[in-house]
Amino acid sequence: MSRTMVAGNWKMNTTPTQGTALVREVMEKVGNPPTKVVFGVPAIQLLAVQKLVEGHPNYAVAAQNMHQEQSGAYTGEISAEMLVDAGIEYVILGHSERRDYFAEDDELINRKIIRALEAGLTPIYCCGEKLDIREANNHEVVVGKQVEEALSSLSPEQVAKIVIAYEPVWAIGTGVTASKEQAQAMHDHIRRMISNQFGSEVAANMTILYGGSVKPDNATELFAEPDVDGGLVGGASLKADDFAAIIQAAGSRRS
Ligand code: 13P
């Protein structure tokens, strides 16, 4: 099974009308994609975008968040079961914007991951260090701790169903991308951790995406690294031409 994937995270951008047009344009440009493509759309667009990708097995839809409880009095929230019933396959969890603006920590994210897996969703778990941590050369320790806490108490079978996205916070929305060497080093570190804790087979099959200012002009060299299995793309996923080019870049990867 190929590990390669390109996921777009639209964040709080596009109206439903714009979002539908964007998905149609990407699908027209790309046709049958050479890799798994995931559209991470605002909640209000999940159903409409899911309809557009239905019957196209290489396209899928991700929610950008969900609640950790099964149901109940949580006004404004969306549950894993609701997503599954709507045909959604993926959920982005632990994004740095959720951590920073909505006070999510790895203990909460761990609960969300468990809930998502129980319901049958694939979590795209985001981790990544801030600039001061990178400058202090402490990034492997900090990201390692994030991953360890987020995956704590999970079985190897559960971890095998997770996608990890390494997103250095200093590279998100800044136009500053991690170098291919920096990305590869962290992805290798994460894969080794997974191997030590959950077994070499789980690690070898795990999709580890890089996120942080992925653009058409840097995607090919990032995705050429052996442990960079594709991208979680913010700004460039909002432009059909750019997202299509990044999808093609992932398609030229070995597997
Ligand atoms: P940018 O690609 O805009 O840097 O965003 C990355 C990101 O946060 C994806 O989740």
Side-chain angles (χ1 to χ4, degrees), residues 4-14 18-19 22-23 26 35-43 45-46 49 60-66 88-102 104 106 109 112-113 116 121-131 133-134 139 142-143 146-147 150 162-180 182-183 186-187 190 207-223 225 228-250:
T4 311
M5 173 185 286
V6 172
N9 176 9
W10 293 0
K11 309 188 181 183
M12 196 174 73
N13 294 296
T14 73
Q18 292 165 337
L22 176 56
V23 169
V26 170
T35 180
K36 188 87 179 179
V37 175
V38 180
F39 296 104
V41 307
Q45 302 188 38
L46 287 166
V49 174
V61 179
Q64 298 176 11
N65 183 34
M66 50 153 255
I88 307 304
E89 285 180 56
Y90 294 86
V91 59
I92 299 170
L93 294 174
H95 194 280
S96 66
E97 288 147 20
R98 300 288 320 168
R99 294 173 190 261
D100 279 355
Y101 307 141
F102 303 95
E104 295 198 7
D106 279 298
I109 296 160
K112 291 191 177 194
I113 289 175
L121 288 167
T122 298
I124 301 176
Y125 166 68
C126 305
C127 55
E129 82 285 356
K130 294 193 171 169
L131 185 59
I133 301 289
R134 167 69 60 171
H139 43 285
V142 166
V143 172
Q146 288 177 338
V147 173
I162 294 175
V163 172
I164 293 184
Y166 168 56
E167 299 205 306
V169 180
W170 47 270
I172 295 177
T174 58
V176 179
T177 316
S179 68
K180 60 187 193 327
Q182 288 172 322
M186 183 61 85
H187 285 224
I190 294 170
T207 298
I208 306 181
L209 306 177
Y210 167 79
S213 299
V214 176
K215 308 285 177 204
D217 62 2
N218 58 32
T220 303
E221 69 168 27
L222 283 163
F223 300 165
E225 292 298 320
V228 179
D229 301 321
L232 180 55
V233 185
S237 72
L238 295 167
K239 297 180 192 143
D241 282 337
D242 286 2
F243 197 50
I246 292 167
I247 293 165
Q248 299 303 353

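Numbering of residues begins at 1 and proceeds along the displayed sequence. Fair warning: this is a prediction, and the values are worked out from it, not measured in the lab. Just so you know, ligand 1 is whichever comes first in the structure, and atom 1 is the first atom listed for that ligand.
Evaluation of the salt bridge (charged side-chain N to carboxylate O under 4.0 Å, His left out) rule for K180 yields no partner, not counting sequence neighbours. Judged as a salt bridge (charged side-chain N to carboxylate O under 4.0 Å, His left out), and not counting sequence neighbours, E167 has no contacts. With sequence neighbours left out, the salt bridge (charged side-chain N to carboxylate O under 4.0 Å, His left out) criterion links K239 to no other residue.
Using a cutoff of 4.0 Å between basic side-chain nitrogens and carboxylate oxygens, E104 and R99 are not scored as salt-bridged. One finds a salt bridge joining D100 and K130 here, because a Lys/Arg side-chain nitrogen approaches an Asp/Glu carboxylate oxygen to under 4.0 Å.
Using cut-offs of 30° and 60° for the angle between ring planes, the H187 and Y210 rings count as tilted.
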Identify all N/O pairs between ligand 1 and the protein with a separation under 3.5 Å and present them as a table of atom names and distances.
residue	atom	partner	partner atom	Å
ligand 1	2 (O)	S213	N	3.4
ligand 1	2 (O)	G234	N	2.9
ligand 1	3 (O)	G235	N	2.8
ligand 1	4 (O)	G173	N	2.6
ligand 1	4 (O)	S213	N	2.8
ligand 1	5 (O)	K11	NZ	3.3
ligand 1	8 (O)	K11	NZ	2.8
ligand 1	8 (O)	H95	NE2	2.8
ligand 1	10 (O)	N9	ND2	3.0
ligand 1	10 (O)	H95	NE2	2.9
ligand 1	10 (O)	E167	OE1	3.2
ligand 1	10 (O)	E167	OE2	2.9

